[in-house]
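What you see is a predicted model; the values in this text were computed from it and never measured. Every number for a ligand or one of its atoms is a count from 1 in the order of the listing.
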Amino acid sequence: MTPNGLDLQAYDTAGAQAIQDDLFALYAQIYADQLSDPFYSVERFAERFAGHSGRTGFELVAGRIDGALIGYAYGGPLPPRTQWWNGLREAVPAEQTEEDGRRTFALNEIMVTRDWRRRGIARTLHDALLADRPEHRATLLVDPGNTPARTAYLSWGWQLFGHLQPFPDAPVYDALVVDLPLSHVAAG
Ligand SMILES: CC(C)(COP(=O)(O)OP(=O)(O)OC[C@H]1O[C@@H](n2cnc3c(N)ncnc32)[C@H](O)[C@@H]1OP(=O)(O)O)[C@@H](O)C(=O)NCCC(=O)NCCS
């Protein structure tokens, strides 16, 4: 059940970058146990955020309760010549990974602060972000050891596409996909 009082707000590139200090602070709180791993450091997160948020079609949905940021989700369409599918372990027909900027929305991040988990907030952020997207499918990468996230995605209709290591010091992720529009969300 989604708690009453959850305020959702959507941001484009400029809007999200204007609140990036709040976004980074929440990231640092949520990933506190992993920040010593260079890949999960705030600096690397900020670099990834700069790249993702600068992309045409970027969108972020933030959730606040009583004015406090408690979670957010963001992503954007994969451009032509994207490197997203680089590092895919399985051989798949080329047309499955061909991108034109309109085919696939990449969900880059979703996070909710510990005190507010298991109340449907991530799902609400996810659905709000994806509900009106014009792309035909969405994709994300999840660490297979991240049971809460992986379980959530599979229960929300995502399916395994393959296994993918985007950078040499990154984990080998599960690459998931889901068709858009989401079957359980009415477009607004
Ligand atoms: C993953 C995350 C965003 C989920 O946020 P949330 O607000 O708790 O998610 P929701 O309440 O919308 O959905 C909860 C669902 O997630 C799954 N889930 C959550 N915690 C779980 C756990 N410990 N074990 C198994 N499944 C779990 C279940 O499917 C659950 O549904 P249920 O409560 O009906 O059983 C949150 O745990 C988080 O921020 N984790 C750290 C950041 C992260 O890993 N992000 C994903 C990167 S790919």
Side-chain angles (χ1 to χ4, degrees), residues 1-10 16 19-20 22-42 44-49 51-53 58-66 68-76 78 84-85 87-89 104-131 137-167 169-178 182-185:
M1 196 194 312
T2 306
N4 292 330
L6 177 67
D7 174 42
L8 293 182
Q9 194 168 353
I19 61 161
Q20 69 179 23
D22 291 347
L23 302 176
F24 298 167
L26 191 65
Y27 171 85
Q29 180 198 321
I30 289 174
Y31 284 87
D33 296 346
Q34 291 161 270
L35 294 180
S36 57
D37 177 338
F39 181 75
Y40 289 101
S41 69
V42 176
R44 289 284 292 278
F45 180 76
E47 284 174 22
R48 290 194 290 272
F49 175 78
H52 293 145
S53 64
F58 170 85
E59 187 177 348
L60 180 146
V61 174
R64 293 185 180 80
I65 291 182
D66 293 334
L69 183 68
I70 57 139
Y72 58 92
Y74 66 76
L78 295 179
W84 177 269
W85 299 111
L88 188 66
R89 296 281 172 100
T104 307
F105 181 86
L107 176 60
N108 298 124
E109 294 287 346
I110 184 166
M111 64 189 82
V112 172
T113 191
R114 276 191 181 74
D115 291 349
W116 288 98
R117 289 188 189 158
R118 302 302 287 264
R119 301 177 200 219
I121 290 177
R123 182 168 189 164
T124 301
L125 296 168
H126 165 273
D127 290 356
L129 183 63
L130 295 178
R137 65 178 182 176
T139 184
L140 62 77
L141 304 178
V142 60
D143 188 324
N146 188 346
T147 301
R150 196 174 183 282
T151 307
Y153 298 138
L154 295 177
S155 78
W156 301 340
W158 292 75
Q159 295 185 322
L160 183 66
F161 183 88
H163 303 90
L164 192 156
Q165 187 177 28
F167 313 108
D169 64 345
V172 178
Y173 289 106
D174 284 351
L176 306 187
V177 292
V178 68
L182 297 173
S183 55
H184 63 275
V185 180

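- Numbered from 1 in the order shown, with element, the atoms of ligand 1 that lie under 4.0 Å from a heavy atom of Trp156 read 12 (O), 13 (O).
- The salt bridge (charged side-chain N to carboxylate O under 4.0 Å, His left out) check on Arg44 picks up Asp169, with sequence neighbours excluded.
- If you number the atoms of ligand 1 from 1 as listed, the ones under 4.0 Å from a heavy atom of Ala149 come out as 1 (C), 46 (C).
- When side chains are defined from C-beta on, Trp85 counts as touching Leu78, because their heavy atoms get closer than 4.5 Å.
- Counting protein heavy atoms only, atom 11 (O) of ligand 1 is closest to Gly120 N, 2.8 Å.
- When hydrogens are left out, the protein atom nearest atom 9 (O) of ligand 1 is Ala122 CB, 3.3 Å; that is the closest non-hydrogen contact.
- Where the criterion is an N or O separation shorter than 3.5 Å, residue side chain and backbone included, Arg119 meets it with respect to ligand 1.
- Between Trp156 and Tyr153, the ring planes lie perpendicular to each other; the angle is over 60°, past the 30° to 60° tilted range.
- Take Arg137 and apply the salt bridge (charged side-chain N to carboxylate O under 4.0 Å, His left out) test, not counting sequence neighbours, and it matches Glu99.
- Interface of Tyr153 with ligand 1, defined as ligand atoms under 4.0 Å from a residue heavy atom, comprises 46 (C), 47 (C), 48 (S).
- Closest heavy-atom contact between Pro171 and Tyr40: CG-OH, 3.6 Å.
- Using a 4.5 Å heavy-atom threshold, the side chains of Leu129 and Ile110 count as separate.
- In this structure, the protein non-hydrogen atom closest to atom 42 (C) of ligand 1 is Tyr31 OH, 3.3 Å.
- Between Tyr31 and Val42 there is no side-chain heavy-atom pair separated by less than 4.5 Å.
- The single protein non-hydrogen atom nearest to atom 27 (C) of ligand 1 is Pro148 CA, 3.5 Å, given as residue, atom name and distance.
- Distances between N or O atoms of Ile30 and those of ligand 1 include no value under 3.5 Å.
- Counting atoms of ligand 1 from 1 in the listed order, those under 4.0 Å from a heavy atom of Leu141 are 48 (S).
- Compare His126, Arg117, Gln34 by their heavy atoms: the one nearest to atom 36 (C) of ligand 1 is in Arg117.
- Looking at Tyr173 and Pro166, their side chains come closer than 4.5 Å, going by heavy atoms from C-beta outward.
- Only the side chain of Asn146 comes within 4.0 Å of ligand 1, counting heavy atoms alone; its backbone N, CA, C and O stay farther away.
- Between Tyr72 and Gln9 the shortest side-chain heavy-atom distance does not fall below 4.5 Å.
- Residue Gln159 qualifies as open at atom CD: its count of foreign heavy atoms under 6.0 Å is 12 or below.
- At the top of the distance list for atom 33 (O) of ligand 1, counting protein heavy atoms only, stands Arg118 NE, 3.0 Å.
- Aromatic ring centroids of Phe49 and Phe24 lie under 6.0 Å apart.
- Evaluated by nearest non-hydrogen atom to atom 24 (N) of ligand 1, the leading choice among Thr147, Thr124, Leu176 is Thr147.
- Looking at heavy atoms from C-beta onward, Arg48 lies out of side-chain contact with Asn108 at the 4.5 angstrom threshold.
- Nearest protein heavy-atom contact of atom 45 (N) of ligand 1 is Ile110 O, 2.8 Å.
- Near Ala152, with a cut-off below 4.0 Å to any heavy atom, the atoms of ligand 1 are 15 (C), 16 (O), 17 (C), 29 (O).
- Heavy-atom proximity to Met111, at under 4.0 Å, picks out these atoms of ligand 1: 39 (O).
- Close approach of ligand 1 to Thr151 is summarised as follows: ligand atoms under 4.0 Å from at least one heavy atom of the residue are 25 (C), 26 (N), 29 (O).
- Of the protein's heavy atoms, Val112 N, 2.8 Å lies nearest to atom 39 (O) of ligand 1.
- The atoms of ligand 1 that sit less than 4.0 Å from any heavy atom of Arg123 are 12 (O).
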